[in-house]
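Heads up, the thing below is written out as structure tokens.
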Amino acid sequence: ESGGFLMENYNDSKKKVSRSDYMKEIQVLLAGFVAEKFVFGLNEYTSGASSDLRRASILASKMIRHLGMSNAHNSNPCVTTKAIGQTNLDGEALIPRDDSDRVNNEIKNVIYEAQQKVYQILQSKDWYPMFKESVKYLNENQSMPNRVMKELYDKVSEDAKKSPRSSTYYQDCINKL
């Protein structure tokens, strides 16, 4: 049985989901994994966040393989489709062998980029107190329900919670054309 903060499944029902939205979701999924490495060190973190790590990897793969959301400046987008009999164990479409290393590296880069952002957030003056209280709670309890996470989140300043993008971001971009 897994522990930590229990998050609801990601809802992919938005009409348009940006690369930034996917990256934020990957960051949330990686938070427990990164927090364990941060608290316990590179040799003592546990398998507790393995399902979140797997979900983050699948989402990163989807971004690169199916949505063309590569961040590589010198790369052509690689969007693959599923073909009967040509999928790996996760149902991911296979890509030509000459592109597989490039695509896999891009997926790794998405995970690395998200991990670095989570490290930065966990160490920031705005979010570190919430992180510290979360660690204390999880040290005494196997999991953290949404209610407790919300209580801790509510203590974070409103300025720290603000997204750099307004809710009218896409409309604002269109209006600038």
Mind checking the [atom1]-[atom2] spacing from [X] to [Y]? Nearest 0.5 Å is all I need.
X: L53; Y: R55; atom1: CG; atom2: CZ; answer: 11.5 Å
X: I26; Y: K62; atom1: CD1; atom2: NZ; answer: 10.5 Å
X: S143; Y: M149; atom1: OG; atom2: CE; answer: 11.0 Å
X: T46; Y: E36; atom1: OG1; atom2: CD; answer: 3.0 Å
X: D52; Y: L29; atom1: CG; atom2: CG; answer: 5.5 Å
X: S61; Y: L67; atom1: OG; atom2: CG; answer: 10.0 Å

Counting only N and O atoms by type, is there a donor-acceptor contact under 3.5 Å from the side chain of N139 to the main-chain atoms of V135? no

Contacts of [X] that satisfy side-chain hydrogen bond (donor to acceptor under 3.5 Å, both in side chains) - sequence neighbours left out:
X: S50; value: none
X: Q116; value: none
X: N43; value: none

Can you name the residues that form a salt bridge (Lys or Arg N to Asp or Glu O under 4.0 Å) with E158, not counting sequence neighbours? K161

Minimum heavy-atom separation for [X] and [Y], please, with both atom names.
X: V118; Y: A31; result: CG1-CA, 3.9 Å
X: G32; Y: A49; result: C-CB, 4.1 Å
X: A56; Y: I111; result: O-CD1, 3.7 Å
X: L30; Y: A114; result: CD1-CB, 3.7 Å

Mind jotting down which residue pairs meet the salt bridge (charged side-chain N to carboxylate O under 4.0 Å, His left out) criterion with at least one end in residues 40-50? Sequence neighbours excluded, please. none

Apply salt bridge (Lys or Arg N to Asp or Glu O under 4.0 Å) to E106 and R102, showing your working. CA-CA 6 Å; E106 290 183 34; R102 176 185 61 82; 2.8 Å; yes

Quick one: does [X]'s side chain get under 4.5 Å of [Y]'s, heavy atoms only?
X: S134; Y: L152; value: yes
X: M23; Y: M69; value: no
X: S18; Y: D21; value: yes

Flag yes if more than 12 heavy atoms outside K117 fall under 6.0 Å of its NZ atom; otherwise flag no.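 Atom NZ in K117 is not crowded, with 12 or fewer foreign heavy atoms closer than 6.0 Å.
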
Quick one, R19 with E113, criterion salt bridge (Lys or Arg N to Asp or Glu O under 4.0 Å). Give me CA distance, side-chain angles, the key distance, then yes/no. CA-CA 12 Å; R19 183 181 193 282; E113 179 185 339; 3.4 Å; yes

Does the pair Y22 and V110 meet the rule for a side chain to side chain contact (heavy atoms under 4.5 Å, CB included), with working shown? CA-CA 10 Å; Y22 280 116; V110 165; over 6 Å; no

Listed pairs under 3.5 Å, donor-acceptor, residues 119-133 side chains, sequence neighbours left out:
{"residue": "Q123", "atom": "NE2", "partner": "Y119", "partner atom": "O", "Å": "3.2"}
{"residue": "S124", "atom": "OG", "partner": "I121", "partner atom": "O", "Å": "2.8"}
{"residue": "S124", "atom": "OG", "partner": "W127", "partner atom": "N", "Å": "3.3"}
{"residue": "E133", "atom": "OE1", "partner": "K155", "partner atom": "NZ", "Å": "3.1"}

Using the rule that Ile, Leu, Val, Met, Phe, Trp and Tyr join whenever any side-chain heavy atoms are under 4.5 Å apart, tell me whether V103 and Y112 fall into a single cluster. no

When you group the ILVMFWY residues by side-chain heavy-atom contacts below 4.5 Å and let the links chain together, are L138 and V156 in the same group?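 Yes, V156 connects to L138 through the hydrophobic network.
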
Do R147 and E151 meet the salt-bridge criterion of a basic N to acidic O distance under 4.0 Å?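 Salt bridge: yes.
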
